[in-house]
Amino acid sequence: MEILLIVILALMIGGAIFSLEAKDLLSAVIAYGIVGFGLVIAFLLLQAPDLALVQIVVETITLIIMIAVIMNSTQEELKTKWGNKTVVYIVLSLVFIGLFLYIFNRTTGALSRFGEHAMRMSKPYLDPGAEKTGSANLVTGVIFDYRGYDTLGEATVLFTAVIGVLTVLRLKGRKSE
Amino acid sequence: MIIYILTIFLFLVGLYGVLSKRNLIKIVIGLAIMEYSVNLFLILVGYVKGATAPILSSDVANKLFVDPLPQAMVLTAIVIGLATTALLLAIAIRIYKKYGTFDIREIKNLKG
């Protein structure tokens, strides 16, 4: 189980690196699909079936939107010219990434080990959850009952984003004088 | 512990893409990868070894469930992530229509 998770994570990291380094934007998007669908399998292994269902729908929609964008523009990746500055930038980001990894490694001692999570916070939600919300699925119980207003806010964010997309993409704009 | 490190490494791959790539589509992909790794990290923290999904049924013998609170939060975060990614891509395609390129170095009209 743990080894399977590590293999899937390694596959996701490989897909992410290929996606960022690909010469063709279409293959970059397809490789990005590896990351999303690998995440679906990871959610299934971690006993989160609701998340796996949502993630598979969201990933498919994201891929469709990305492919539509690329088909309406260009597939070619920009040609990178290797100057002195490029090397400096890449070295700087690698140094920053190494520093971040080191700090994270030092601070993981404060976390509980993988698979030994203490359920201090969720006890009041777990034990009386079924009687209070009437939902057999405790995740939906939390989302639609205990945190119902948060879900309303989420719907607001979703519709605001839809309005934003429609505003940005509308064909007739005001002519600049 | 190695699983946590690998998840953070995935986050850092996305961060590298955002910091060093000049193509707008690549930057959006990097942001989405970062978001996925954070979601996965929250779920990993809430996992309990040998537990089942938090769904009650009459034939469940053990009452050991994984933590439902991170799952509820990540469910919200996934949907909002889709909305932000769609908005970013819409802005990217408008920029392409105006400037004819995805290169962020060529977009100079807002430069002070």
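All values below were derived from every heavy atom in this structure, side-chain atoms included, with hydrogens, water molecules and symmetry-related copies excluded. Residue numbering restarts at 1 for every chain, and letters A, B, ... go by the order of the sequence lines.
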**OP:** Might you confirm whether atom CZ of B:Phe9 has over 12 heavy atoms from other residues, nucleotides or ligands at distances under 6.0 Å?
**Re:** no
Original post:
Considering only heavy atoms, which portion of A:Tyr89 lies under 4.5 Å from any heavy atom of chain B: side chain, backbone, both, or neither?
Top reply: side chain
**OP:** May I ask you to say whether A:Glu21 pairs ionically with B:Lys21, meaning some side-chain N is under 4.0 Å from a carboxylate O?
**Re:** yes
**OP:** Under 4.5 Å, counting heavy-atom pairs only, tell me which of B:Leu19, B:Thr7, B:Ile33, B:Ile29 racks up the most with chain A.
**Re:** B:Ile29
Subject >> B:Ser37 portion near chain A, given a 4.5 angstrom heavy-atom threshold >> reply: neither
Subject >> Contact leader toward chain A among B:Gly17, B:Ala83, B:Pro54, B:Ala86, where contacts are heavy-atom pairs under 4.5 Å >> reply: B:Pro54
Original post:
Roughly how far, to the nearest 0.5 Å, is CG of B:Leu10 from CE of A:Met12?
Top reply: 5.0 Å
**OP:** Look only at the side chain of A:Thr107 and the backbone of A:Phe104, and say whether a donor-acceptor pair between them is shorter than 3.5 Å.
**Re:** yes
Original post:
About how many Å separate CD1 of A:Ile8 and CG of A:Leu45, when rounded to the nearest 0.5 Å?
Top reply: 5.0 Å
Original post:
Which bit of B:Tyr96 is near chain A, if near means a heavy-atom gap under 4.5 Å: side chain, backbone, both or neither?
Top reply: side chain
**OP:** With a 4.5 angstrom heavy-atom cut-off, could you sort out which part of B:Leu69 is near chain A: side chain, backbone, both or neither?
**Re:** side chain
Subject >> Residue B:Ile2 versus chain A: region with a heavy atom under 4.5 Å >> reply: side chain
**OP:** Calculate, to the nearest 0.5 Å, the distance between atoms CG and CD1 belonging to A:Leu25 and A:Ile67 respectively.
**Re:** 11.5 Å
Subject >> Contact class of A:Ile13 relative to chain B, heavy atoms under 4.5 angstrom >> reply: both
